[in-house]
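Small disclaimer: the values here were computed from a predicted structure and weren't measured.
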Amino acid sequence: QQPTPGSAPRDKNPTMSYGLHAVCVILAIALSGGAYGYFQADLTSEDWWAQAVVGRGDVTTVSILEWEPKLMEEAMRNNTPVVFANTPASDWAAMQKWTLGYLANSLNDLDIVQVSSNPNRSTYTYDVKNTPLEPILQKENYDSGYTGQSMKARDFFLGLINQSDDRWLYYSGSLAQSDGKKPKVLLDLGDPNEFELKQAAEATGRGRADVEELLYVWMGKPGVKAHGHYDHVHGLFVQITGYKRWLLFPPSVHEILAPYPFLHPRRGQTRLDLESPVFEGSSSVSPEDMQKIRDSMMYVVLEPGDVLYVPPLWMHHVTCYDSAMGPPISVSIWRRAASDLATESLTKIPIPVSDKWPSYLRWSGAYSFAYHVLSFFNEDGTDSPCAGRMRRGEAPGLDEQCVKTAAVLFSRTRERYRSVAPWGAQETPAPEDGTYEFRCRVQKGEGYVVVGPKPNGYEDFLTFEVENLRETRDKALQVADILKPLTPEERLIVAFDFIESTMIAAVGINGLYDALAAFPANCPPKNLTKTHAIPPSA
């Protein structure tokens with residue numbers, strides 16, 4: 001039985017209410033660990049998505065199926081979210097035992113709790129540390145307002161239910177304790193192998209069978225939201241208590257959702273506010289693209305006992321709601337996906353660009369390699385006509401259609417940088433070695449790899465290409481072979497991330513923005529009368 005769009009979850013009817021005051025709550029935690037009536041989400045009045053979007057029938061609800069082991073493999077092959085009911089998790093002791101009192105008395109501390117003291121900043125966005133762009137970004141431009149801090153478990157759980165505590169609290173982790181001991185509450189979860197993720201990964205080739213599952217516990221204050229993001233994992237999310245509303249978006253609309261660059265601290269997350277009704281009228285999303293999102297997105301509200309399967313690279317935005325039994329707590333079981341293995345394998349391929357070359361040749365080599373890689377794909381990620389010729393050892397670049405398609409794909413990578421660039425719209429000074437003119441010609445050449453009017457530049461470029469085209473092509477072929485097992489959409493996502501890494505390795509952090517976004521606008525037209533596409537091998 002699927003939930004009726006716009007209604008409360010299936011057979012539940014939560015309503016807004018405020019019951020126990022602080023003293024009673026503390027006594028309840030200390031003495032009983034039983035049911036609570038402090039806050040319950042009214043999905044029918046508070047959930048604007050249920051009213052404005054799902055209620056109109058514009059969004060598909062996730063299918064709910066009775067659990068059978070064979071369905072895990074089927075879901076992985078179909079690459080579509082599904083909710084399983086009456087799974088092995090229904091018999092987990094945690095379903096009955098994980099009250100706030102039990103958890104508060106069983107755990108000493110929580111390693112890192114995300115805390116926002118701003119009542120208006122309930123949406124949590126994670127920041128990846130030590131990314132290349134982090135040192136030059138202004139933190140206020142992407143800071144979510146959350147800070148990570150260690151916290152006593154009892155203080156965390158009191159913070160979840162204390163109405164006078166206006167902090168937003170969010171925890172995700174393994175429940176690791178400071179004394180190094182495995183908390184006994186994890187014994188309440190049963191065996192994650194019962195879901196047969198490993199067997200499904202081996203049978204489908206869609207996941208990594210060479211690593212163990214990762215298990216995380218997720219707990220948050222009612223109203224906390226996990227900002228739209230995607231993961232390179234096959235994820236199972238088991239709802240223990242409370243409710244969670246999921247908005248799910250397939251990889252096919254990945255670029256419409258405007259992800260942050262791979263080298264940005266917020267990699268893997270959308271730049272759009274998926275929670276606001278303004279999203280529908282956003283100038284950054286055309287009506288055509290908005291319709292594509294509506295046609296492809298999915299929606300579900302998980303209740304205790306539900307198990308949601310989320311395929312890799314599906315972007316998801318999650319909102320926490322509580323119930324009479326307590327705030328939302330869920331457990332995730334992750335198995336790394338084939339895209340994770342591809343990303344890892346790509347890091348082992350040395351790019352065919354030498355740091356001993358002058359900068360204009362490093363630019364040439366980086367663009368040449370990027371275009372060779374992207375020449376394998378059509379705009380939808382399927383194999384391009386060039387792919388066969390590349391595999392037969394022929395140069396791809398002079399086929400005009402393949403070059404144009406590669407240019408379109410390359411522009412998507414560049415687009416990620418245009419709205420998040422820390423440099424703003426300022427012009428960059430012209431280097432003395434002619435790189436400035438080279439950049440101008442790349443821009444005006446609409447994506448073709450060209451070289452500027454540096455003395456002997458074109459001759460040097462030809463020599464470089466004749467000597468290095470075979471290596472460039474061979475390395476691009478290695479990349480394409482690694483990406484081939486993925487779905488077409490997954491190929492492009494991983495390829496775009498790889499191109500970013502290639503560009504920064506070739507031109508450095510100072511040249512990255514120019515390479516991907518801010519070509520100077522004042523290029524002298526007289527120098528742009530002639531462009532040259534990638535020359536063929538001799």
Side-chain angles (χ1 to χ4, degrees), residues 76 79 126-134 197-198 200-202 204-214 216 228-235 249-252 254-255 257-270 310-316 332 334-353 366 369-370 372-377 380-383 409-410 412-417 474-506 512 516:
M76 200 174 283
N79 199 41
Y126 62 85
D127 297 332
V128 179
K129 303 300 181 185
N130 302 317
T131 57
L133 291 184
E134 183 181 3
L197 274 173
K198 181 176 181 179
E202 291 175 332
T204 63
R206 298 274 299 134
R208 299 187 63 168
D210 61 328
V211 292
E212 293 302 314
E213 268 95 16
L214 302 174
Y216 289 95
H229 65 284
Y230 63 87
D231 305 295
H232 288 270
V233 299
H234 294 276
F249 307 85
S252 59
H254 185 271
E255 295 306 314
L257 294 172
Y260 281 91
F262 177 69
L263 304 177
H264 193 281
R266 284 193 181 170
R267 67 174 61 162
Q269 299 173 87
T270 176
V310 179
L313 301 181
W314 274 68
M315 195 167 283
H316 43 281
S332 66
W334 283 353
R335 176 157 289 277
R336 293 178 180 174
S339 61
D340 175 76
L341 177 59
T343 300
E344 181 180 298
S345 299
L346 290 177
T347 63
K348 301 174 183 177
I349 297 180
I351 64 172
V353 176
F369 184 48
H372 275 71
V373 169
L374 296 175
S375 290
F376 275 91
F377 309 115
D380 61 358
T382 56
D383 286 348
L409 293 176
F410 188 73
R412 296 186 193 173
T413 303
R414 289 172 48 197
E415 189 63 34
R416 296 183 183 185
Y417 280 81
D474 290 346
K475 291 291 191 297
L477 181 57
Q478 291 181 42
V479 173
D481 286 343
I482 289 171
L483 297 178
K484 191 172 181 60
L486 306 182
T487 68
E489 295 89 353
E490 291 171 349
R491 292 176 185 175
L492 293 182
I493 294 172
V494 177
F496 293 160
D497 291 348
F498 177 68
I499 294 301
E500 287 187 47
S501 300
T502 295
M503 298 305 293
I504 194 171
L512 179 70
L516 292 175

Could you check if a side-chain atom of [X] sits within less than 4.5 angstrom of a side-chain atom of [Y], using non-hydrogen atoms only?
{"X": "F496", "Y": "L374", "result": "yes"}
{"X": "I493", "Y": "P251", "result": "yes"}
{"X": "L346", "Y": "I349", "result": "yes"}
{"X": "E134", "Y": "D127", "result": "no"}
{"X": "W314", "Y": "N79", "result": "yes"}
{"X": "V373", "Y": "K475", "result": "no"}
{"X": "L313", "Y": "E489", "result": "no"}
{"X": "V494", "Y": "S339", "result": "yes"}

Exercise. What's the verdict on side-chain contact (heavy atoms from CB on, under 4.5 Å) for H316 and D231, showing C-alpha distance, side-chain angles and the deciding distance?
Worked result: CA-CA 9 Å; H316 43 281; D231 305 295; 3.2 Å; yes

Exercise. Less than 4.0 Å between a side-chain N and a carboxylate O, is that true for E500 and R267?
Worked result: no

For this session: Give the intermediate values and the outcome of side-chain contact (heavy atoms from CB on, under 4.5 Å) for residues L492 and E255.
Result: CA-CA 10 Å; L492 293 182; E255 295 306 314; over 6 Å; no

Spatial distance of atom [atom1] ([X]) from atom [atom2] ([Y]) [nearest 0.5 Å]:
{"X": "F262", "Y": "T343", "atom1": "CZ", "atom2": "OG1", "result": "6.5 Å"}
{"X": "F249", "Y": "L257", "atom1": "CZ", "atom2": "CG", "result": "6.0 Å"}
{"X": "H234", "Y": "E213", "atom1": "NE2", "atom2": "CD", "result": "11.0 Å"}
{"X": "L197", "Y": "M76", "atom1": "CG", "atom2": "CE", "result": "5.0 Å"}
{"X": "E490", "Y": "Y230", "atom1": "CD", "atom2": "OH", "result": "11.0 Å"}

Exercise. When you look at K484 and D383, which way does the side-chain contact (heavy atoms from CB on, under 4.5 Å) test go after all the steps?
Worked result: CA-CA 9 Å; K484 191 172 181 60; D383 286 348; 3.2 Å; yes

Of all heavy-atom pairs between [X] and [Y], which one has the smallest distance, and what is that distance?
{"X": "P488", "Y": "D380", "value": "CB-O, 3.3 Å"}
{"X": "M315", "Y": "Q269", "value": "CE-C, 4.4 Å"}
{"X": "L483", "Y": "A495", "value": "CD1-CB, 3.9 Å"}
{"X": "A476", "Y": "F369", "value": "N-CE1, 3.5 Å"}
{"X": "W334", "Y": "G235", "value": "CD1-CA, 3.7 Å"}
{"X": "R491", "Y": "L486", "value": "NE-O, 3.4 Å"}

Exercise. With a cut-off of 6.0 Å (strictly less than), are more than 12 heavy atoms of other residues, nucleotides or ligands near CD of Q478?
Worked result: yes

Exercise. Within a radius of less than 6.0 Å around OH of Y126, do more than 12 heavy atoms belonging to other residues, nucleotides or ligands occur?
Worked result: yes

Problem set entry | Donor-acceptor under 3.5 Å (R335 side chain, R208 main chain) | yes

Exercise. When you measure from the side chain of E344 to the backbone N and O of D340, does any donor-acceptor pair fall under 3.5 Å?
Worked result: no

Exercise. Can you list the steps and then say if F376 with L477 is a side-chain contact (heavy atoms from CB on, under 4.5 Å)?
Worked result: CA-CA 9 Å; F376 275 91; L477 181 57; 3.8 Å; yes

For this session: Hey, can you tell me if Y260 and H264 have their rings parallel, tilted or perpendicular (30° and 60° cut-offs)?
Result: tilted

